[in-house]
Amino acid sequence: MENNWLPVNEGPRADALDKVTGKATYAAEHRVSNLAHGVFVCSTIAKGIIQSIDEAAALKAEGVIDIISYKNCPAIPGYAPQLADGTRNPKQWWGMKVLYDNQVRFYGQPIALVVAETLEQANAASLLLKITYQKESFETDFNLARKDPSKAKPPSTYSRGNASNYEQAAVKVDGEFTIPIEVHSPMELQATIAVWEAEDKLTVYDKTQGPKATQGAIARLFNIPDKNVRVIADYVGGAFGNALRNWHNVPAACIAAKKINRPVKVILTRPQMFNLTGYRPQSWQQLKIGADATGKFVGIIHTAISNTSRYEEFREGIVNASRFLYACDYVDTNYRILPLDVSTPTWMRGPGEASGCFALESSIDQLSYVLNMDPVELRIKNFAEKNPESKLPWSSNYLKECYDKGRTLINWANRPQKPGSLQENGWLVGYGMANGVFGAGRSQASVRAILQANGNLVLQSAVSDMGPGTTTAMTKIASENLLLPLDKISFKLGDSELPPGPTQGGSTTTSTLGTAVYLACEALKKSLRTLAVENVPAFKNLDASTLVIKEGGVSASIDKEVFISNADLLKLGNKPFLEITQDSQGTSAMELKHATNSFSSHFVKVLVNPKTLKIKITEVVTTADAGKIISENTARSQMLGGVVGGIGMALFEELKFDHYTGAITNASFAGYQVPLHPDIPKTTVWFVNKPDPIINPIGAKGLGEIAFIGLAAAIANAVYNATGKRVRNLPITPEKLKEAKI
Amino acid sequence: MQKYCYNNGRRDFIRKASFSAALYAIPSLLVHAESVSLIAPTPAPKEKIKLSINGKEISAEVDTRITLLDFLREQLGYTGTKKGCGMGQCGACILHINGKRMNSCQTLAIHNNGKTIETVEGLANGDTLHPMQEAFIKCDAMQCGYCTPGQIMSGIACIRDGRANNRDEIQRYMAGNICRCGAYQNIVDAIAQVKESGKTV
Ligand code: FES
Ligand code: FES
């Protein structure tokens, strides 16, 4: 089949029925008896010391059970910096210890948890706390702080080749780029329900991308064995990275539940979501590229600063793609982080690479105009035949096929070479493209496969799924491997008691977990063959390895002359079920002797109103080399989601601060704009869909990040093509377009 | 030809909705307030209400401050209707009250005494799904599924209100339903398909 994508008849998303009927149960929705509700009271200064908390009125309010703050927080083993013998506590909580001390580190920091019988009572009482502070001076203004080089941490640097290459380049571009704070803002609010079943044993319903990681974190917090902590996360309502680590709601709910000896639920409010669950850090970048007269890159210099908090160092891969996406002998990168009095950032979809590719791909576009070259041709000219950083060959790289298909589908031939020269119904027309790249990793996972007496297969692993469709992909892998119909296979996840699975993030779930599923199926086939030879007279003299597993049974040949169903085989073999737990080891590029990456190329058509400078994205074609596509249905949706995210980054998203108080001023969906239905252009998704021969036995690379990385640049480049103006400070607004220079 | 239009009105819905949120003074908005000593810690009054939820008569005593959304989710355990903001800005909580779509976080439970509420849990008839649910599955109009109930209830209202005549119209009607996973195109496909099928919604 040609892969210009139409929804194929591959069956629906495995959990679609639960999602459309309201049966899917997210963290805050689990029914727990005797539940109390906790709400955070947050600081109204950006930095300083809490002088006093007067709880008297609140404690008298109806329904209030307890008010927990640093004043009365029980001793928590994982909060102690040191052990009894004075050595560093190796099991310390990762991140800020909420309700622990009287320090205020950022505006809106939770400083007390009001626990009451109902949410209404907790909310009402939370307004009655009287808190006084001793304020200290603070800094939240990134753009001001970054001008003082002494404020940033020492750089991490990389350099290869000879700097004089760049100096002598025939053409050069040099630009500065800024990206504001963007916030994941998944639709589900962060929530935790903690239920202690015994002094040292609890169940936690949590919004997490990693049930096992959360289990470990809570076990360390209370210094209890992992097995005493059960984490349930059967449905996760989006996360995009914000549930990769555990935020304040997790320890607060667990501590409160222990203290009052009752289950406690803590749900963040939407305004708190903007401050307390991480965000894409604000960044400043400078990108210089030099090329010779033919367009061959001779030097790339990429410098970046991004913010972190005062109490944690958060770094990401902002300059990484510049080192290896294109062939270039001389590359120099320099990345520093700048602490501010704000909460800690975290990985947000496409993480640093998305910020970095905005600068890199915008600059390459600019260079193409200086050279008077088609930007796709310029990229082809600089195609890296192998990874120039690691010098390893690519496990696969079909970027050129993406270019071909993308150009055709968007009608690239219509693109005006001269910016601002094409109009449609009085609107300026522009076409732009940009690439995305992300590492395709494979880590360790374990899957249990249970073939039941009725012949159905149940797969299990302690992962969670924030939306891409892990269940769907995993059942598909098993179905293809065992030639068993999809409706006979189910995948159970979202429970830390299942065999350990990876945290969902960094586009690795399909590769990591899929490999474990594949290996589990292979092991299952082996057992079935042996079982058949040992128990079925008709197979007795056959070589087990020649038996064929398909359609829910074992046959002697592909012709199915002799066939026994799995269910009958189990019966004959006297087995109530067949169970296999399969580990799959991770691997690295070095072990594989190949550079493993996913690639994407996005093509965008925009219209810009010449008078109002309003930008309409009218069409997007997004193409990806993500290896073999396991489930086209869900993979396509993931790509569509990446485009929507990219539109948000390019045109709308920006968290704003009042630097006088240090408060966030637009912490709501009315203030922080995200793409809405009317903002969505016609979008076409195309996959190369060729299996990667190296990375794993299933041939799939990752998809989640590359669906998003590069999109903002593709949109900015299209806007430039339409107007001749390049906006390097996201988001691109009509106001900025008006002020932008050529 | 389908029109995919960026329109002026995209933010209007959200602004209007958050204005009404301010009127109700939903407590979650006030958590950051500094000086609030004016509010006295007197017990909140309770009131008895009766309403029909998905055809079932329900009587309950409710805190007068509880929203219809929190009443459904926290008190009754009808968690199909989702809470994405509690501020009238996301559409996750949309359901039907007396046949009209409404953000259930923007109406108090006591204001719905005697009313007929329809939520996503009430759409299917046994194993037979509502055409909009079927279309959402067929078009894969979801990823995480958290906005889905609100999108479905809004999508049904879109057709009932006669506002599903082209994609542009659907997109505008649906502007108050945020999908952060970005399933928008498939959601509009699903609504358009149901509309084209002519099935009763
Ligand atoms: S929860 Fe009601 S609009 Fe967001
Ligand atoms: S499907 Fe996740 S928010 Fe819409």
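Reminder, nothing fancy here: chain letters follow the sequence lines and each chain counts from 1.
- Taking A:Asp465, A:Val644, A:Leu607 one by one and counting their heavy-atom pairs under 4.5 Å with chain B, the maximum is reached by A:Val644.
- The part of A:His184 that comes within reach of chain B is its backbone (N, CA, C, O), which places non-hydrogen atoms under 4.5 angstrom from that chain.
- Using a cutoff of 4.0 Å between basic side-chain nitrogens and carboxylate oxygens, B:Glu57 and B:Lys50 are not scored as salt-bridged.
- Chosen from A:Thr118, A:Val114, A:Val643, A:Leu17, the residue pairing most often with chain B at heavy-atom distances under 4.5 Å is A:Leu17.
- Counting heavy-atom pairs under 4.5 Å between each of B:Pro149, B:Cys144, B:Gly145 and chain A puts B:Cys144 at the top.
- For chain A, the nearby part of B:Leu129 is the side chain; its heavy atoms alone come within less than 4.5 Å.
- Of the possible polar contacts, one joining the A:Thr683 side chain to the A:Pro681 backbone as a donor-acceptor pair under 3.5 Å is found.
- A donor-acceptor distance shorter than 3.5 angstrom exists from the side chain of B:Gln75 to the backbone of B:Glu61, with no hydrogens or angles considered.
- Of the atoms belonging to A:Met466, it is backbone heavy atoms, and not side-chain ones, that fall under 4.5 Å from chain B.
- Interface check for chain B: of the options A:Arg270, A:Glu29, A:Lys23, the most heavy-atom pairs under 4.5 Å are formed by A:Glu29.
- Residue A:Gln121 touches chain B through both its backbone and its side chain, counting heavy-atom pairs closer than 4.5 Å.
- A donor-acceptor pair is defined here as one N or O able to donate and one able to accept, closer than 3.5 Å; such a pair exists between the side chain of B:Asn98 and the backbone of B:Thr116.
- A:Tyr205 has its side chain within reach of A:Val32: a pair of non-hydrogen atoms, C-beta onward, lies under 4.5 Å apart.
- In this structure, B:Tyr184 contributes its side chain and B:Cys179 its backbone to a donor-acceptor pair below 3.5 Å.
- Of the listed residues (B:Glu121, B:Lys83, B:Gln151, B:Gln133), the one with the most heavy-atom contacts under 4.5 Å to chain A is B:Gln133.
- Salt-bridge annotation for B:Asp161 and B:Arg101: absent, with no side-chain N of the basic residue lying under 4.0 Å from a carboxylate O of the acidic one.
- Looking at B:Glu134, neither its backbone nor its side chain comes within 4.5 Å of chain A, counting heavy atoms on both sides.
- Ranked by heavy-atom pairs shorter than 4.5 Å toward chain B, the options A:Gly22, A:Ala239, A:Pro186, A:Ser185 are led by A:Ser185.
- Heavy atoms closer than 4.5 Å to chain B are found in both the backbone and the side chain of A:Leu640.
- Other residues, nucleotides and ligands place more than 12 heavy atoms under 6.0 Å from the NZ atom of B:Lys46.
- Only the side chain of B:Asp70 has a heavy atom closer than 4.5 Å to any heavy atom of chain A.
- Interface remark: B:Ile66 contributes backbone and side-chain atoms alike to the contact with chain A (heavy atom separation under 4.5 Å).
- The closest donor-acceptor contact from the side chain of A:Ser43 to the backbone of A:Gly108 lies under 3.5 Å.
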